[in-house]
Amino acid sequence: IRDVSAGSVEVMISWIWKLVICLYSTMIETFILYNAILLLSVLFAYYAEHSKTRRSRILARYSLFMVLFVPSVLRYDIGTDYASYVDSFNFSSEYKQTEIVFYALILFLRKLQLPAHSLFVCSAFITYFPLLFLQRKNYTWKILMYVLLCYLLSYSAIRNMISLSLVILAFDLFFRGKRWGAFIIYPLSVLFHASSFVFLPFFFVNRMHCNRIILLLISSFLLCICY
């Protein structure tokens, strides 16, 4: 009995070590991939900001989009809400309470008889595409902060990140005088996720006697609660 117990312990320890090695290898691969995405994103954003020719800037922005888009599209079962989004796609009739535009996207993809993964492809496109239209000024810093703070979250909180990307573009347009574009895009962000309402006060910040930093902190706090 002692020999059997010892053998069982050895097998258990062996399996534990294999699991640890597997997890460690996965963590190393994830670390390398994420940092490669971060490095390439900043590199292409820098070229998009500082290149002298318009053609080079457009090419750099397109390359930046592909760096963010391709890994998100190729993923499978990655993200805390991955399974729930697959369920919402396969059983869309039970998820009518979700935001109307996202629900309409699910119905459209199902109408085309596409697989559930098509939802992640379209969501990734809608999430990262607005970043291509941000103002050239400080573009490198904008992309750096987005990748550091939001990119990994976009693999899980899909609707939230679509909404946030549209909010970012809306404010970028608003504060450089293109208000009609901002007023079109911002309501669309709300239709993807209602948490975008917390950013509404920023449209009136120029008319309010309020510290922008305090307002930003309050909105960020409310946004975290919504998430």
By ring pair (Phe, Tyr, Trp, His ring centres under 6.0 Å), Y128 pairs with (sequence neighbours left out) Y151

Answer with yes or no whether the hydrophobic clustering places Y76 together with L114; edges join I, L, V, M, F, W, Y residues whose side-chain heavy atoms lie under 4.5 Å apart. yes

Least distance between heavy atoms, Y139 atom then L131 atom: OH-O, 3.0 Å

Just by modelled atom types, is the V86 backbone N or O under 3.5 Å from a matching donor or acceptor in the H117 side chain? no

Between F129 and F125, how do the two ring planes meet: parallel, tilted or perpendicular, split at 30° and 60°? parallel

Closest non-hydrogen atom pair between F120 and R75, with its separation: CD2-NH2, 3.3 Å

Closest non-hydrogen atom pair between E49 and R136, with its separation: O-NE, 2.7 Å

Could you tell me whether K178 atom NZ has more than 12 heavy atoms of other residues or ligands within 6.0 Å of it? no

Between S165 and Y146, what is the shortest heavy-atom contact and its length? OG-OH, 3.3 Å

Looking at F108, I'd like to know if its CZ atom is crowded, meaning that more than 12 non-hydrogen atoms belonging to other residues, nucleotides or ligands lie closer than 6.0 Å. no

If hydrophobic clusters are built from ILVMFWY residues whose side chains come within less than 4.5 Å, do L39 and L149 share one? no

Quick check, are the ring centers of F102 and Y85 under 6.0 angstrom apart? yes

Side chain of S189, backbone of Y186: donor and acceptor closer than 3.5 Å? yes

Just wondering, more than 12 heavy atoms not from F197 lying within 6.0 Å of its CZ? no

Has Y82 got more than 12 heavy atoms of other residues, nucleotides or ligands less than 6.0 Å from its OH? yes

Same apolar cluster: L109 and I100, side chain cutoff 4.5 Å: yes

Residues I158 and S123: closest non-hydrogen pair is CG2-CB, 3.4 Å

My understanding is that only residues two or more places apart in sequence, or in another chain, count here; which of them pass salt bridge (Lys or Arg N to Asp or Glu O under 4.0 Å) with R176? D172

How about CZ on F171, more than 12 heavy atoms from neighbouring residues, nucleotides or ligands closer than 6.0 Å, or not? yes

For H193 and S163, the nearest pair of non-hydrogen atoms, with its separation, is O-OG, 3.5 Å

Which side-chain N or O atoms in residues 59-66 pair as donor and acceptor under 3.5 Å with protein atoms at least two apart or in another chain?
unit_1	atom_1	unit_2	atom_2	d
R61	NH1	L132	O	2.5
R61	NH1	L134	O	2.9
R61	NH2	L134	O	3.2
S63	OG	L59	O	2.9

Mark yes or no for whether S118, through its side chain, and P115, through its backbone, hold a donor-acceptor pair below 3.5 Å. yes

